[in-house]
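Note that the coordinates shown come from a computational prediction; the quantities given were computed from them, not determined experimentally. Order of listing sets the numbers, starting from 1, for every ligand and every atom in it.
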Amino acid sequence: MPTVTVYESAETVPTVDSADELGVRRVSSLFPALADGPGDQVALRFGERSLTYGELAAAAGTLAGRLRGARRVAVWATPELETAVAVTGVLLAGAAAVPLNPKSGEKELAHIVSDSAPTLVLTAPGTQLPAGLGDLARLDVDASATGPAAGAAEVPDTDPALIVYTSGTTGPPKGAVLPRRALATTLDALADAWQWTADDVLVHGLPLFHVHGLVLGTLGPLRRGGSVRHLGRFSTEGVARELTRGATMLFGVPTMYHRIAEALPEDPELAAALGRARLLVSGSAALPVHDHERIAAATGRRVIERYGMTETLMNTSVRADGEARPGTVGVPLPGVELRLVEEDGTEIGAYDGESVGEIQVRGANLFTEYLNRPDATAAAHTADGWFRTGDMAVREPDGYVRIVGRKATDLIKSGGYKIGAGEIENALLEHPGVREAAVTGEPDADLGERIVAWVVPADPQSPPTAEELADHVARRLAPHKRPRVVHHLAALPRNDMGKIMKRALVADA
Ligand code: MCA
Ligand code: AMP
């Protein structure tokens with residue numbers, strides 16, 4: 001449990017790295033601009049509502065004062081101003097924030113809350129919270145609070161900052177514990193790669209319960225002393241409006257860029273707005289080359305890709321001053337060690353654009369553990385401390401990384417969300433109309449992959465409908481985990497060992 005030192009005012013927040021004589025207890029401020037930045041500059045804007053750095057320091061500082069001594073605090077992560085204030089307040093208090101997807105179903109929510117055991121949940125005033133949160137205490141965030149503000153608690157950089165839940169191939173989601181230094185390291189590495197400064201104004205419509213929208217899209221601008229404009233929900237109109245009104249950078253998942261590419265032929269304003277941007281960045285899944293080229297042809301701008309993971313934050317990126325080569329995720333970021341290894345653990349030395357190996361990484365950008373899961377933490381690392389990403393890639397002669405696939409076929413990326421097939425299969429099996437179930441991912445032009453369920457009904461005469469099963473999964477887990485297609489089968493294809501042969505499950509089978 002961290003010792004929480006609360007400062008009297010924002011002026012006393014430590015802004016410079018310090019270490020004790022052993023160099024162990026490093027303390028640094030995650031958000032120097034909150035203490036000594038231009039107080040009247042806009043930090044956050046969500047729709048019509050905004051906060052300057054001065055207002056954010058007061059609101060988040062007031063909240064931090066109330067969170068004194070807390071260890072973990074859940075945040076009901078709606079795409080609203082209060083979510084950004086809540087996470088900033090938790091970090092100023094020296095505690096760890098556990099962002100919750102407000103569309104989480106009852107089973108998923110119950111798991112996350114019991115696993116992370118937060119002291120309370122922070123939410124926007126007026127929000128109706130589901131019964132699934134049990135008797136967890138609630139604290140409404142006042143985004144216009146004016147103090148008395150507590151400054152940043154003095155806690156080591158190795159202390160947890162965020163616990164972000166991420167799906168695996170089987171079982172419930174695991175909580176990746178991200179230390180404060182990982183946030184600082186990754187955001188500073190991106191600043192270097194993207195020439196990201198306080199002058200940048202970022203626009204996006206990403207959810208705030210994952211790394212992309214929360215760490216890169218919200219804490220990123222705050223660490224730089226710049227601004228973020230959140231769209232509430234993604235739309236091509238919102239992107240065009242904000243880029244026309246001075247936003248300089250756009251972050252999105254490939255599904256968003258696909259929707260932009262589809263809209264461009266009919267929307268010259270969108271094309272002109274994108275043409276004005278300093279940087280268009282895609283991540284969370286592979287950006288199809290076709291969408292990349294369509295956007296380049298219509299706007300004269302090339303989208304750059306960066307590659308990361310909840311557990312590692314960002315590993316590689318195309319640099320702002322580098323070549324935005326379609327289909328590649330650029331070069332390792334400063335401070336990230338990256339290697340490719342063969343199945344037997346042999347390192348691949350070649351930069352030949354051909355030799356495929358698993359990406360393994362090391363660096364200060366990494367998580368420290370999966371909460372309460374030492375087994376999973378150990379399994380995810382090699383004996384010499386490299387993290388196994390499960391992503392397969394080649395390296396080109398100039399060091400550019402090209403991701404070519406994933407080790408686990410049971411991990412599906414849909415709309416930029418990672419979804420474990422096993423989790424959905426378990427939820428389907430809890431439906432009384434389902435006797436057996438298998439889940440696969442199929443290519444989808446919009447979502448990258450769509451979730452497909454293969455179901456043996458309990459009663460073949462009256463099988464559950466696709467809508468019924470989609471609703472069942474959406475209610476128990478989350479809407480983005482619902483199957484988009486359901487096939488009914490008399491039996492699942494199994495091998496001699498009784499294992500389901502997923503390769504035999506293809507749409508025309
Ligand atoms: C439809 N809906 C339902 C149902 N059917 N709700 C409940 N039950 C049902 N049966 C609702 C949905 O909740 C949603 O509501 C609406 O209908 C449309 O749903 P859908 O088609 O699923 O989504 P979409 O609105 O088309 O969203 C596409 C999207 C989204 C905007 C691209 O997928 C998205 O935001 N993706 C971002 C994922 C992300 O940030 N990943 C980062 C993790 P409503 O409209 O009200 O919402 S990866 C990461 O962090 C790493 C580090 C990295 O590298 O970045
Ligand atoms: P998540 O676990 O949700 O953080 O998702 C991490 C995974 O997203 C990585 O392991 C990759 O498979 C994938 N990913 C992220 N960025 C990219 C990218 N630019 N290109 C291809 N895959 C990506």
Taking atom types as modelled, is there a side-chain donor on Trp76 or Thr127 under 3.5 Å from an acceptor on the other?
no
Using a 4.0 Å heavy-atom cut-off, say whether Lys413 meets ligand 2 through its side chain, its backbone, both or neither.
side chain
Do the side chains of Arg476 and Asp471 get close enough for a salt bridge, i.e. N-O under 4.0 angstrom?
no
Is there a donor in the side chain of Asp200 and an acceptor in the side chain of Thr248, or the other way round, less than 3.5 Å apart?
yes
At under 4.0 Å between heavy atoms, which part of Ala285 makes contact with ligand 2: side chain, backbone, both or neither?
backbone
In this structure, is the centre-to-centre distance between the rings of Phe251 and His230 below 6.0 Å?
no
Numbered atoms and elements of ligand 2 in range of Val329, under 4.0 angstrom, heavy atoms:
18 (C), 19 (N), 20 (N)
closest protein heavy atom to atom 16 (N) of ligand 2 is Ser284 N, 3.1 Å
Is the number of heavy atoms from other residues, nucleotides or ligands under 6.0 Å of Glu430 CD greater than 12?
yes
Which heavy atom of Met309 sits nearest to which heavy atom of Lys418, and what is that distance?
CE-NZ, 3.8 Å
A cation-pi test, strictly: NZ or CZ of Arg259 under 6.0 Å from the centre of the six-membered ring of Phe234 and no more than 45 degrees from its axis. Yes or no?
no
Heavy-atom distances under 4.0 Å decide this one: backbone, side chain, both or neither, for Met309 against ligand 2?
both
Closest to atom 19 (N) of ligand 2 (heavy atoms only, candidates His210, Arg402, Arg306) is Arg306
Lys/Arg-Asp/Glu bridge criterion (N-O < 4.0 Å) met for Arg402, Glu396:
yes
With distance as the sole test, does Tyr257 use its side chain to make a donor-acceptor pair with the main-chain N or O of Ile295 at under 3.5 Å?
no
Residue by residue, ordered by chain and number, which ones reach under 4.0 Å of ligand 1 with a heavy atom?
Lys103, Leu206, Pro207, His210, Val211, His212, Arg233, Val253, Thr255, Met256, Arg259, Ser284, Arg306, Gly308, Met309, Thr310, Met314, Lys413, Gly415, Gly416, Tyr417, Asp471, Ala474, Pro479, Arg482, Arg484
Can Lys174 and Glu311 be said to form a salt bridge (Lys or Arg N to Asp or Glu O under 4.0 Å), step by step?
CA-CA 10 Å; Lys174 303 183 288 271; Glu311 292 88 334; 5.6 Å; no
Identify the closest protein heavy atom to atom 1 (P) of ligand 2: which residue and atom is it, and at what distance?
Thr310 OG1, 3.5 Å
For atom 21 (C) of ligand 2, what's the nearest protein heavy atom and its distance?
Ala286 N, 3.3 Å
Relative to atom 11 (C) of ligand 2, which among Val281, Val401, Ile304, Asp391 owns the nearest non-hydrogen atom?
Asp391
Just to be sure I read this right, does ligand 2 sit under 4.0 Å from the backbone of Thr166, its side chain, both, or neither, counting only heavy atoms?
side chain
4.0 Å heavy-atom contact, Val211 with ligand 2
no
